[in-house]
Number of protein chains: 2
Amino acid sequence: MASQRSGPNLSRIATSLGVSVATVSNALSGKGRVSDALIERIRSHAAELGYVPSQAGRALRTGRSGVLGLVLPDIANPLFPKIAQAIESAASAAGYGVLIADSRGDITAQTEAINRLVERGVDGMVVVPRRATRISAASCPVAVIDTASTPGNTVAADHWQGGREIATHLAGLGHKQILIIGNNHESNVQNDRAGGIRAGLAPGMRSETLWIERLETETGAGCRLGLAEKAGQGFTAFAALSDLQALRALTELQQEGISVPGDVSVTGFDDLIWSPVVTPSLTTVRMDMDTIADIAVSALIDRINESGTREGVLVTAETERVPMQLIIRHSSGRANPAPKISEMENM
Amino acid sequence: MASQRSGPNLSRIATSLGVSVATVSNALSGKGRVSDALIERIRSHAAELGYVPSQAGRALRTGRSGVLGLVLPDIANPLFPKIAQAIESAASAAGYGVLIADSRGDITAQTEAINRLVERGVDGMVVVPRRATRISAASCPVAVIDTASTPGNTVAADHWQGGREIATHLAGLGHKQILIIGNNHESNVQNDRAGGIRAGLAPGMRSETLWIERLETETGAGCRLGLAEKAGQGFTAFAALSDLQALRALTELQQEGISVPGDVSVTGFDDLIWSPVVTPSLTTVRMDMDTIADIAVSALIDRINESGTREGVLVTAETERVPMQLIIRHSSGRANPAPKISEMENM
DNA sequence: GTTCTGCGCTTAATCGTTTAATCAACTGCA
DNA sequence: TGCAGTTGATTAAACGATTAAGCGCAGAAC
């Protein structure tokens with residue numbers, strides 16, 4: 001029943017070469033004292049046999065599983081692929097595997113997901129928390145990726161600065177009235193982005209903020225955002241706090257016959273997969289996920305290596321904010337000095 | 001250095017209760033012969049201490065890691081979240097963890113990713129192959145999720161039937177000329193979908209197929225698809241083989257002043273996250289990922305349980321094709337009998 | 001000549017779990 | 001009373017790796 005592991009193990013190599021398992025272990029790990037000649041013999045023989053060390057045996061002995069957990073707020077989030085990809089890549093470069101856990105549902109689900117990972121013996125975990133939740137430290141090192149204003153945050157994109165990039169870009173194009181379009185006003189990330197935009201406005205500019213989720217609880221999911229009316233009121237730029245909302249804004253405006261970027265400009269955040277291929281392609285701001293993942297993973301691994309006691313701790317990193325990069329495409333253009341006449345008539 | 005596992009283990013429970021570890025193990029697993037009273041005492045004491053079994057110890061002894069691998073062709077694929085979510089959910093319901101591996105890059109990367117998983121000792125793996133690649137069986141059971149026409153496929157959505165759903169829907173709306181818009185003509189999935197559409201056309205209807213990747217190698221990435229011209233030629237429906245291409249088509253048409261669904265209809269595949277929120281919302285066809293994941297995972301686990309020898313095999317399932325569901329939204333409507341005059345003038 | 005040191009390898013313990021084998025005590029039955 | 005069968009527990013041997021400690025033997029130090 002219980003499966004024999006197919007491959008060779010240390011003792012098989014040892015007996016086949018007439019040495020002890022300890023020597024083989026030392027030769028392969030380079031730790032103890034073994035003569036160079038023997039090291040060479042052992043290594044080549046191991047390679048020949050296609051030896052792969054048993055993670056189970058190693059984990060049992062060392063107390064390290066060589067696996068990191070990744071807890072994601074909502075796997076269905078379109079940003080998730082990039083995060084997972086970056087974390088997996090960083091972890092695997094450091095010799096770690098990545099176990100995923102989906103915390104869809106409420107905060108309880110998030111805690112359960114964390115527990116599942118702990119039970120599986122992960123050495124540490126990266127958590128992208130549900131909006132505005134605080135991670136109560138699990139019994140292993142935890143790195144949090146959210147935004148600077150989240151308590152316990154380890155590293156994240158500088159969402160605030162990203163917002164400023166958008167604001168100065170729009171200011172430079174001559175826009176005076178900006179409509180910020182967000183999804184949920186409880187999201188730390190979205191709040192930071194909105195704050196950055198407001199902080200980056202030049203004198204004489206003003207902004208207003210529209211929270212979609214709030215609107216939808218009144219009007220129903222998938223409702224119109226009423227952007228044409230906003231355009232009629234003089235808003236010439238629509239700065240969405242995520243590309244998903246930017247896409248929603250863009251298509252609604254186009255449907256109502258308002259030209260982008262001719263009449264109004266639309267910008268987003270995150271450079272999601274569709275941003276370059278829609279017409280007009282989206283001006284947006286991109287997080288450097290690879291860098292963020294590298295920082296999070298190496299902070300985690302540092303902590304794992306130094307802490308013998310396996311206590312649960314929120315790890316910290318030197319650089320907490322990674323700059324975002326503005327990507328100018330075709331959905332943003334010069335502010336149209338006079339609102340379209342047809343729009344005025346509609347009012 | 002080597003960390004003491006924080007929690008209690010079997011022997012701690014055993015000594016604390018004055019029984020042997022074997023008895024504790026039996027009591028918790030319900031396997032050996034232990035008196036009901038003692039079982040109760042042991043279980044409650046274990047719960048009280050917050051005992052969690054060491055996966056490493058168990059894995060070493062049983063030869064099973066309790067972990068499945070998930071290999072994805074391109075994590076950045078927008079469909080990925082749903083797949084990962086469904087697999088994770090199915091696996092975790094069956095008591096398994098999920099280790100991810102990204103095979104971004106070429107087929108070599110895919111093989112490397114598979115090897116990494118094997119080295120980590122996964123009991124089996126789910127592979128969503130890169131387009132048109134064949135999985136050379138790894139040294140553990142493998143379930144393949146792609147499409148029925150892929151050799152070795154275990155289970156997948158019935159892409160062909162999904163295509164027929166689209167075709168009959170469009171036929172019912174009176175469309176006669178359908179432009180099928182795909183990305184890559186080497187993708188088995190896209191070919192099956194396109195085949196289904198063609199097979200579902202009513203007499204008197206005709207279709208043509210546009211492969212974006214082929215067009216882009218000539219004209220450059222992000223180029224216009226020239227859909228307005230196609231509309232001028234009499235195409236009234238644009239059936240994209242994925243929502244990403246549908247979105248691209250939709251926005252290009254809107255930008256050119258062609259009304260959707262007034263002038264032409266647009267449909268997609270996969271019901272990706274933006275489909276319900278763009279304007280007009282996308283008519284599309286949805287895969288039942290939860291069912292697919294359940295089938296794949298349970299086929300995998302069945303094979304793991306029955307095979308003692310841990311050989312690498314492509315597992316098979318009873319139901320190979322899971323029906324797709326047509327979701328009618330607002331991007332598809334009655335065929336416009338007369339093409340728009342302005343369009344005709346443009347020709 | 002004796003003690004010390006370093007080298008190269010082996011011995012043996014250990015991580016936590018599972019499970020086959022064993023054993024003592026008790027039951028039922030002739 | 002003696003024997004077989006059952007019950008409820010223990011003993012002990014794995015699984016595969018790591019690693020501290022030990023051991024014999026050389027050459028150096030005194």
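Every chain is numbered from 1, with letters handed out A, B, ... down the list of sequences.
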Return the nearest nucleotide to the side chain of [X]; candidates are [options].
X: B:V19; options: C:dG16, D:dT10, C:dC9; value: D:dT10
X: A:S20; options: D:dT18, C:dT10, C:dT19; value: C:dT10
X: B:L60; options: C:dT19, D:dG16, C:dT17; value: D:dG16
X: A:P53; options: D:dA17, C:dT19, D:dA9; value: D:dA17

Grab the [atom1]-[atom2] distance between [X] and [N] for me, whole Å please.
X: B:L17; N: D:dT10; atom1: CG; atom2: C1'; value: 15 Å
X: A:I13; N: D:dG16; atom1: CD1; atom2: P; value: 12 Å
X: A:D36; N: C:dC7; atom1: CG; atom2: P; value: 12 Å
X: B:Q55; N: C:dT18; atom1: CD; atom2: C1'; value: 13 Å
X: A:N26; N: D:dT19; atom1: CG; atom2: P; value: 9 Å
X: B:E40; N: D:dG8; atom1: CD; atom2: C1'; value: 17 Å
X: B:L10; N: D:dT10; atom1: CG; atom2: C1'; value: 15 Å
X: B:I39; N: D:dG8; atom1: CD1; atom2: P; value: 9 Å

(request) Verify, without hydrogens or angle tests, whether B:T316 (side chain) and B:T154 (backbone) share a donor-acceptor contact under 3.5 angstrom. (result) no
With side chains defined as the heavy atoms from C-beta onward, is the minimum distance between [X] and [Y] less than 4.5 Å?
X: B:R64; Y: B:N305; value: yes
X: B:L68; Y: B:M125; value: no
X: B:L10; Y: B:L28; value: yes

(message) Which is more 5' along DNA chain C, the nucleotide nearest B:A22 or the one nearest A:V24? Just name the residue.
(response) A:V24
(message) Under 3.5 Å, is there a donor on one side chain and an acceptor on the other for A:T150 and A:N153?
(response) no
Reckon [X] has a side-chain N or O less than 4.0 Å from the OP1 or OP2 of [N]?
X: A:S35; N: C:dC9; value: yes
X: B:R58; N: C:dT18; value: yes
X: A:K31; N: D:dT19; value: yes
X: A:T23; N: C:dT10; value: yes

(message) Using a distance-only criterion (donor-acceptor N/O pair, under 3.5 Å, no hydrogens), is the base of C:dG8 paired with the side chain of A:R33?
(response) yes
(message) Can you say whether a donor on the side chain of B:R61 sits under 3.5 Å from an acceptor on the base of C:dT17, or the other way round?
(response)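 Counting by modelled atom types and ignoring angles, no donor-acceptor contact under 3.5 Å is found here.
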(message) Heavy-atom nearest nucleotide on DNA chain D for A:A56 versus B:L38: which residue maps closer to 5'?
(response)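 Looking at the nearest nucleotide for each, B:L38 comes out on the 5' side.
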